[in-house]
Amino acid sequence: MQQKTKVSAVNCESYDLPLLEEKIRTAVELAGGWPEKIKPGAKVLLKPNLLSAKTPDQCVTTHPELVRAVIRELRKKGVEKITIADSPAGIYTWEELWEKTGMKKVADEEKVELLPLENFERVEVPGHGYIPLLKELKDFDVFISLPKLKTHILTKITVAVKNSYGLIVGESKSAFHATAPSPRKMSNLIAAVYGKIKPDFVIVDAIESMQGDGPANGKPFKSGIVMAGYDAVAIDACACTAYGYKPQDIQLLVKVAELGFGDIRRENIDLVGDAAERLGKLKIPRSKSDILHRFPESMFHMLTLIMTYRPFIIQETCIKCGKCFKACSQKAILSEGGSFRVLKKKCILCMCCLEACPVKAVELRSPFQKFMAFLNLFKKKS
Ligand code: SF4
Ligand code: SF4
């Protein structure tokens with residue numbers, strides 16, 4: 001009989017450190033214990049989700065206290081060489097990213113290294129050309145993925161499988177959206193990249209998850225769970241149920257399974273822990289752009305021009321920093337007299353401008369919402 005893949009889900013109500021350490025310990029034990037490679041002398045890479053320079057309460061990035069708790073647990077196993085690394089989607093300095101996300105404080109206090117993702121080597125990803133991956137990756141003995149449970153406007157959810165995509169170096173992540181403009185194509189690309197960077201172990205921060213228009217513009221949702229396991233695909237197949245999805249609803253998971261990188265069939269996954277049942281009952285609100293996934297590929301671009309939610313720059317909120325302009329690989333943001341606006345025809349809905357904006361001045365709006373905003377403006381003036 002085929003052995004089931006173990007995934008654990010453990011209740012954890014807060015980021016209080018002693019509680020977190022205890023819950024992480026339990027989640028790891030239930031998932032089968034730490035990998036054997038975790039031992040004195042091992043070089044360990046921790047990869048949280050550091051999508052952009054946001055504070056922990058905004059729920060965009062993996063909480064620093066979860067990273068701290070993992071470091072302390074690894075120390076107990078005698079691991080000394082620990083490095084934290086991730087690459088943001090927006091245009092931020094490394095210092096700004098690490099400071100805002102709380103990683104600098106954790107790294108300084110726990111005496112671990114923060115590695116800027118700057119060196120790369122090009123790795124062939126079948127069907128997608130050569131992709132620049134973190135060069136130092138091969139120097140580590142163990143890669144532990146520390147994703148956040150979030151929605152994603154293109155891939156529906158972002159958890160463990162997508163977290164590996166963050167090891168692509170630099171702004172090229174934005175440029176790849178140009179070659180994979182639809183949710184389906186983007187999911188296929190991320191699945192192929194995952195095949196090149198599979199983690200050895202995963203611990204998911206689902207204590208506060210993201211609801212709505214993730215990965216950057218959603219709102220926090222208190223879900224109170226830590227998940228762990230060896231197989232990122234199996235973890236995502238369980239995690240998606242928190243939003244009421246089945247694994248088969250997520251193109252990214254369908255594709256990784258098709259490529260043979262994991263099994264998404266729930267009958268082959270053993271979900272254990274005191275939060276195992278509650279996980280699938282959380283009903284975390286999804287992104288409103290889920291509707292995009294119902295379009296046939298051939299109609300995708302045409303239909304998105306007419307009726308899709310698309311980025312809109314709120315001039316009253318915009319601080320004119322130009323980060324969206326620099327992040328746009330399609331030159332779909334026009335800079336005019338110090339102001340910025342989105343050119344609908346050029347936009348491929350990669351959402352990099354949303355991720356890059358530090359003040360939430362880029363919002364997703366449908367043509368109908370734009371019309372209503374115009375009417376309100378007109379009413380105020382008259
Ligand atoms: S305007 Fe924004 S969503 Fe559109 S292509 Fe540029 S970065 Fe992507
Ligand atoms: S929309 Fe946001 S990122 Fe773009 S210029 Fe304004 S504040 Fe900066």
Side-chain angles (χ1 to χ4, degrees), residues 50-55 58 60-61 87-93 96-97 100-101 150-156 158 162 165-166 168 170-190 212-218 287-293 295 300-367 369-370 373 377:
L50 302 183
L51 176 75
S52 52
K54 302 278 163 96
T55 51
Q58 291 175 286
V60 173
T61 51
S87 169
I91 317 290
Y92 304 100
T93 63
E96 200 182 341
L97 177 80
K100 272 248 174 97
T101 55
K150 299 196 290 177
T151 46
H152 196 289
I153 38 197
L154 281 178
T155 52
K156 294 188 179 176
T158 164
K162 181 148 191 312
Y165 191 72
I168 293 181
E171 295 157 34
S172 45
K173 273 200 290 290
S174 309
F176 290 129
H177 284 287
T179 58
S182 72
R184 188 171 294 123
K185 284 189 175 156
M186 195 63 211
S187 296
N188 294 350
L189 167 63
I190 296 167
D213 290 325
N217 273 32
S287 165
K288 56 183 179 270
S289 67
D290 258 22
I291 191 171
L292 288 179
H293 297 258
F295 298 162
F300 183 80
H301 200 70
M302 190 184 73
L303 282 173
T304 52
L305 286 178
I306 313 164
M307 57 179 284
T308 317
Y309 285 89
R310 52 182 62 256
F312 177 81
I313 296 175
I314 308 163
Q315 297 303 329
E316 298 78 38
T317 314
C318 174
I319 55 168
K320 325 271 185 239
C321 68
K323 286 183 175 173
C324 56
F325 180 76
K326 287 184 198 148
C328 181
S329 62
Q330 302 303 298
K331 304 207 184 313
I333 294 183
L334 188 68
S335 166
E336 242 176 8
S339 295
F340 298 89
R341 73 182 168 88
V342 177
L343 295 171
K344 191 172 81 177
K345 279 191 183 160
K346 287 189 171 183
C347 177
I348 57 161
L349 298 170
C350 68
M351 307 304 167
C352 292
C353 52
L354 266 89
E355 291 168 7
C357 181
V359 293
K360 293 199 175 184
V362 188
E363 210 181 71
L364 282 181
R365 284 194 186 174
S366 66
Q369 282 173 312
K370 279 191 216 162
L377 193 71

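These numbers come from the heavy atoms of this one structure, side chains and all, not from hydrogens, waters or symmetry mates. For ligands, and for the atoms within them, numbers begin at 1 and follow the listed sequence. Throughout, numbering of the chain's residues begins at 1 and tracks the sequence.
With respect to atom 7 (S) of ligand 2, the closest heavy atom belonging to the protein is Ile319 N, 3.3 Å. Annotation: atom 6 (Fe) of ligand 1 to nearest protein heavy atom, Cys328 SG, 2.3 Å. At the top of the distance list for atom 8 (Fe) of ligand 1, counting protein heavy atoms only, stands Cys350 SG, 2.3 Å. The nearest protein atom to atom 5 (S) of ligand 2, hydrogens excluded, is given as Gly322 N, 3.2 Å; this is a heavy-atom distance. In this structure, atom 4 (Fe) of ligand 1 lies nearest to the protein heavy atom Cys347 SG, 2.4 Å. Protein heavy atom in closest approach to atom 3 (S) of ligand 2: Cys324 N, 3.3 Å.
No donor-acceptor contact under 3.5 angstrom links the side chains of Ser339 and Glu336, judged on distance only.
Comparing Cys318, Ala327, Cys357 against atom 2 (Fe) of ligand 2, the shortest heavy-atom distance belongs to Cys357.
Distance alone, capped at 3.5 Å, is enough to place a donor-acceptor pair between the Asp213 side chain and the Lys288 backbone. In terms of modelled atom types and a separation under 3.5 Å, the side chain of Lys150 and the main chain of Val60 share a donor-acceptor contact. With hydrogens and angles disregarded, no donor-acceptor distance shorter than 3.5 Å links the side chain of Glu363 to the backbone of Asn217. Looking only at distances, a side-chain donor or acceptor of Thr151 sits under 3.5 Å from a matching main-chain atom of Gly212.
Counting the atoms of ligand 2 from 1 in the order shown, those under 4.0 Å from a heavy atom of Cys321 are 3 (S), 5 (S), 7 (S), 8 (Fe). Heavy-atom proximity to Val359, at under 4.0 Å, picks out these atoms of ligand 2: 7 (S). With ligand atoms numbered from 1 in the order given, ligand 2 contributes 5 (S) to contacts under 4.0 Å with heavy atoms of Phe340. Residue Val362 has at least one heavy-atom neighbour below 4.0 Å for each of these atoms of ligand 2: 1 (S).
Separating the CG atom in Leu343 from the CD1 atom in Ile333 is a distance of 8.5 Å, to the nearest 0.5 Å. Between the NZ atom of Lys162 and the OG atom of Ser187 there is a distance of 9.5 Å, given to the nearest 0.5 Å. Annotation: the span from Gln330 atom CD to Lys345 atom NZ amounts to 16.0 Å, rounded to 0.5 Å.
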>> For a salt bridge (Lys or Arg N to Asp or Glu O under 4.0 Å) check, start with the C-alpha distance between Glu96 and Lys323, then their side-chain angles and the critical distance, and finish with the verdict.
In response: CA-CA 14 Å; Glu96 200 182 341; Lys323 286 183 175 173; 3.4 Å; yes
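Of the heavy atoms in Ile333, only side-chain atoms (C-beta onward) come closer than 4.0 Å to ligand 1. Under 4.0 Å from ligand 2, the heavy atoms of Ile313 that appear belong solely to its side chain.
Note on Cys353: counted as a metal contact of atom 2 (Fe) of ligand 1, an N/O/S atom lying under 2.8 Å.
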